[in-house]
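Every chain is numbered from 1, with letters handed out A, B, ... down the list of sequences. Note that the structure is predicted; figures quoted are calculated from it, not measured.
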Amino acid sequence: MNWLNDNVNLLGLLGAAAIIIITVFVVGKYIKQIKNEKSTGELVGEDWDGIGEYKNPLPIGWSLSFIGTMVWVLWYFLIGYPLGGYSQIGEYNEEVAAYNTKFESKWANPDEQTLLGMGEGVFLVQCAPCHGVTGDGINGKAADMSRWGTELAIVDTIVKGSKGMGYPLGDMPAGMLDKESATAVAAYVFEKIAKAGKSKNSDLVATGEALWPTCAACHGQDGKGMSGSSPNISNYGKPEFVVDVLNHGKKGDIGTMPSFNDGRLTDIQKLAVGKYVNSLIE
Amino acid sequence: MFHWLEKNPFFFAVAVFVVIAYAGIVTILPDFMNSARPVVGTKPYTVLQLAGRHAYIKDSCNACHSQLIRPFKSETDRYGMYSLSGEYAYDRPFLWGSKRTGPDLMRVGNYRTTDWHENHMLDPISVVPGSIMPKYTHMFSNPANIETAYAEAFTIKKVFNVPYDKADMPKLGTYEEATKMALAEAKPIVEDMKSPEVKAAFARGEIKEIVAIIAYLNSLK
C-alpha cells in the first residue's frame with residue numbers, strides 16, 4: 001500500500017505524531033508539578049466540606065467579556081427582546097409571502113406538461129383519499145374520473161338528475177328525457193355546447209338540438225348557466241368545470257364532496273388539478 | 001448576589017427557572033388573558049359532538065393524531081389555517097397530541113365528509129391503500145354515551161360558565177331535550193351513511209358511537 005504518497009494521509013500522520021509528542025511533554029510537566037510543588041496563595045474564607053478555594057485574580061480579557069455579556073443580557077432581556085417583539089406569526093407571514101412570490105414567478109407561464117405535473121401532485125395529496133390514486137372513485141365511493149365528463153356521463157345526468165352543488169336553481173330533476181332522447185341531447189351538448197370534439201353519435205346531433213330548449217330553460221341557450229343560476233355546461237368535462245366543482249362542493253347521490261374554498265388550493269393549482277382530472281377522462 | 005444564590009438552592013432553582021423561561025414569560029404572559037378567550041365563532045360542543053369526543057379520547061385517536069396546526073407553510077397547505085389558542089377555549093382537555101402517526105385533524109371537517117369517514121373507520125385500507133390506521137368496527141355496534149356527554153356539558157355549564165343556552169350558542173336544556181336534539185343532529189349523518197346496522201339502530205332511537213364521532217370530526221373546522 002502506498003498510503004504515504006497521499007498528502008492527506010501524510011499530513012494526518014504527521015499531525016498525530018505531533019499530538020502524541022506534545023501530549024507526552026505537557027502531561028510530563030504537570031505530573032512533575034503535582035509531585036514536587038506545594039501550592040501557595042491566599043485562601044478564600046470558605047470551606048466546602050474540607051475543600052478550599054484560592055483567590056486567583058481573573059484574567060482581564062475574560063472579566064471584560066463577562067461584564068460585557070452581562071450588560072448585553074440585561075439590555076436584551078429587558079429592552080431588546082420584549083420590545084423587539086419577535087413574532088412567530090410574523091415569520092410565518094414572511095415565509096408565505098416569500099414563497100408566493102417565488103411560486104408566482106416560477107409558474108408565471110407554465111406549459112401544459114408542467115400544469116399536468118402540478119395537477120397530479122395536488123390530486124394525489126388532496127383528492128386521492130376519496131377518488132382513488134387512479135381516480136377510479138374506489139368502487140363507487142366517489143365520482144369515477146374516467147367516466148365523469150364524458151358523453152355517457154351527460155346521459156347519466158339527464159336520466160338520473162344532478163344535485164348538491166348549491167346553485168340558485170337547486171337540483172336538476174331526474175327523468176326529464178328518456179334514454180334515447182338523452183343520448184341525442186348528450187351528443188348535441190358534447191359537440192356543439194361544450195365543443196369537446198366529435199360526438200360518437202354525430203348523426204343524433206340534429207335531434208338533440210331540437211330537444212335543447214328543454215335544457216336551455218335552465219342552462220341558457222348557450223349552455224353558460226344564465227349568469228350563475230345553474231352550472232356553465234359549456235365547460236362540462238373541462239378543467240374550468242372541475243374548478244367550479246371545487247369552488248362549490250357537491251352533495252350528490254354518490255356522496256359528499258367538500259368544497260375547496262379554505263385557501264388550501266390557489267387558483268392555478270385548481271386549474272392544474274382540473275387539467276389532470278381532464279386527462280383521466282377516457 | 002451569586003454567592004448568596006449558591007448557598008440557597010431553592011432560590012437558585014427559581015433563578016434558573018426565570019432565566020430559562022424568560023422568553024416564554026415575556027411572550028406568553030402579557031397577552032395570556034386575551035388570547036385564551038374563545039375566538040369569534042368558537043362554540044361549545046353539542047352533546048352529540050361531546051359523545052364523539054369521548055369516543056375519540058377513549059379509543060386514543062390522539063395517540064396518533066394531533067389537533068394543532070403550526071404556522072408553517074407546509075402545514076397550512078395540507079391542513080388549512082394555523083391554530084389559535086382561543087380555538088381551544090371549550091376543549092377540556094385539549095387534544096393537541098404530541099405525535100403524528102396520522103395527519104393532523106384540527107380542521108378535518110373542511111375536507112372530509114360523512115360518507116368518507118364511514119368507509120375509512122370501517123376499513124381504512126379500502127380508501128387509503130397502505131394505511132396503518134386500525135379499523136374501528138366496534139364503533140358501528142357500540143352505542144354512543146349520550147348520558148355521560150350530557151353530564152359533562154351540564155357540569156361545565158354550571159361550574160365553568162360555558163355559554164350553553166345563550167344566544168347563538170348550542171342549546172343544552174334538560175336531559176330529555178338534549179337527547180331529542182342529539183337525535184335530530186344525528187339524523188342527517190345517519191342519512192348520509194350506508195351501514196344497515198347503524199340505520200336500523202337509529203330507527204329504534206339509538207345512536208351508535210360512529211355517528212357521534214363523525215359528528216365530532218365534522219365539527220372540527
Side-chain angles (χ1 to χ4, degrees), chain A residues 44-46 48 70 73 76-100 102-103 122 125-134 137-142 164 249-266 269, chain B residues 1-3 6-7 18-19 22-31 35 69-84 102-103 107-120 122-131 133 188-189 191-194 214 218 221:
Chain A
V44 185
E46 257 123 22
W48 310 93
M70 290 216 283
V73 157
Y76 184 71
F77 266 32
L78 299 178
I79 301 167
Y81 181 77
L83 300 185
Y86 165 80
S87 140
Q88 200 180 14
I89 301 301
E91 185 174 333
Y92 167 78
N93 288 340
E94 274 165 26
E95 184 191 353
V96 171
Y99 179 86
N100 286 348
K102 203 174 123 209
F103 185 88
V122 173
V125 175
Q126 304 283 3
C127 323
C130 297
H131 289 281
V133 177
T134 55
I138 324 180
N139 304 327
K141 293 192 177 74
K250 184 172 169 83
K251 189 170 191 305
D253 295 319
I254 308 176
T256 312
M257 148 119 183
S259 71
F260 281 77
N261 287 334
D262 60 345
R264 268 174 308 138
L265 294 183
T266 63
Q269 285 175 318
Chain B
M1 183 178 82
F2 298 128
H3 212 189
E6 274 178 27
K7 287 183 173 171
V18 169
V19 170
Y22 188 78
I25 295 174
V26 294
T27 45
I28 297 170
L29 276 191
D31 199 34
S35 58
I69 304 168
R70 296 170 294 178
F72 301 135
K73 182 147 198 322
S74 51
E75 299 215 350
T76 53
D77 274 359
R78 168 68 170 82
Y79 304 121
M81 164 77 176
Y82 52 80
S83 313
L84 302 171
R107 304 195 195 283
V108 69
N110 283 336
Y111 49 89
R112 295 287 179 264
T113 51
T114 301
D115 45 301
W116 189 83
H117 285 308
E118 178 178 14
N119 295 326
H120 185 246
L122 198 58
D123 185 10
I125 297 177
S126 74
V127 278
V128 183
S131 173
M133 173 159 150
I189 298 175
E191 274 166 5
D192 282 351
M193 291 179 63
K194 286 188 286 287
I214 291 179
N218 285 344
K221 284 190 173 165

Could you tell me whether B:K221 and A:D262 have a side-chain N and a carboxylate O separated by less than 4.0 Å? no

Would you check if the side chain of A:T256 reaches a backbone N or O of B:T113 as a donor-acceptor pair within less than 3.5 Å? no

Determine the option with the most heavy-atom pairs under 4.5 angstrom with chain A, choosing from B:R70, B:R78, B:K73. B:K73

d(A:R264 CZ, B:M81 CE) to nearest 0.5 Å is 14.5 Å

If one checks every heavy atom of A:D253 against chain B at 4.5 Å, the contacting part turns out to be neither

Sort out for me which of A:E91, A:K251, A:Q126 touches chain B most, counting heavy-atom pairs under 4.5 Å. A:K251

Which heavy atom of B:R112 sits nearest to which heavy atom of A:P129, and what is that distance? NH2-CG, 3.3 Å

With rounding to the nearest 0.5 Å, note down the distance linking CD1 in A:I138 to CH2 in B:W116. 9.0 Å

The ring pair (Phe, Tyr, Trp, His ring centres under 6.0 Å) partners of B:Y82 (sequence neighbours excluded) come to A:Y92

To the nearest 0.5 Å, what is the distance between NZ on A:K141 and NE2 on B:H120? 11.5 Å

Let me know if B:R107 has heavy atoms under 4.5 Å from chain A in its side chain, its backbone, both or neither. neither

Quick check for you: among B:V128, B:V19, B:N119, which has the greatest number of heavy-atom pairs under 4.5 Å with chain A? B:N119

For the residue pair A:V133 and B:P129, what are the closest heavy atoms and their distance? CG2-CG, 4.3 Å

Can you see which heavy atom on A:P258 is nearest to which on B:N110, and at what distance? CB-O, 3.5 Å

What pair of heavy atoms forms the shortest contact from A:E95 to B:F72, and how long is it? OE1-CA, 4.1 Å

For A:S259, all residues meeting side-chain contact (heavy atoms from CB on, under 4.5 Å), sequence neighbours excluded: A:N261

Can you say whether B:Y111 sits under 4.5 Å from chain A via the side chain, the backbone, both, or neither, judging by heavy atoms? both

Please flag which part of B:S131 lies under 4.5 Å from any non-hydrogen atom of chain A: side chain, backbone, both or neither. neither

Please look at A:F77 and chain B and tell me whether the side chain, the backbone, both or neither of the residue comes under 4.5 angstrom of a heavy atom of that chain. both

Region of B:D192 that comes under 4.5 Å of a non-hydrogen atom in chain A: side chain

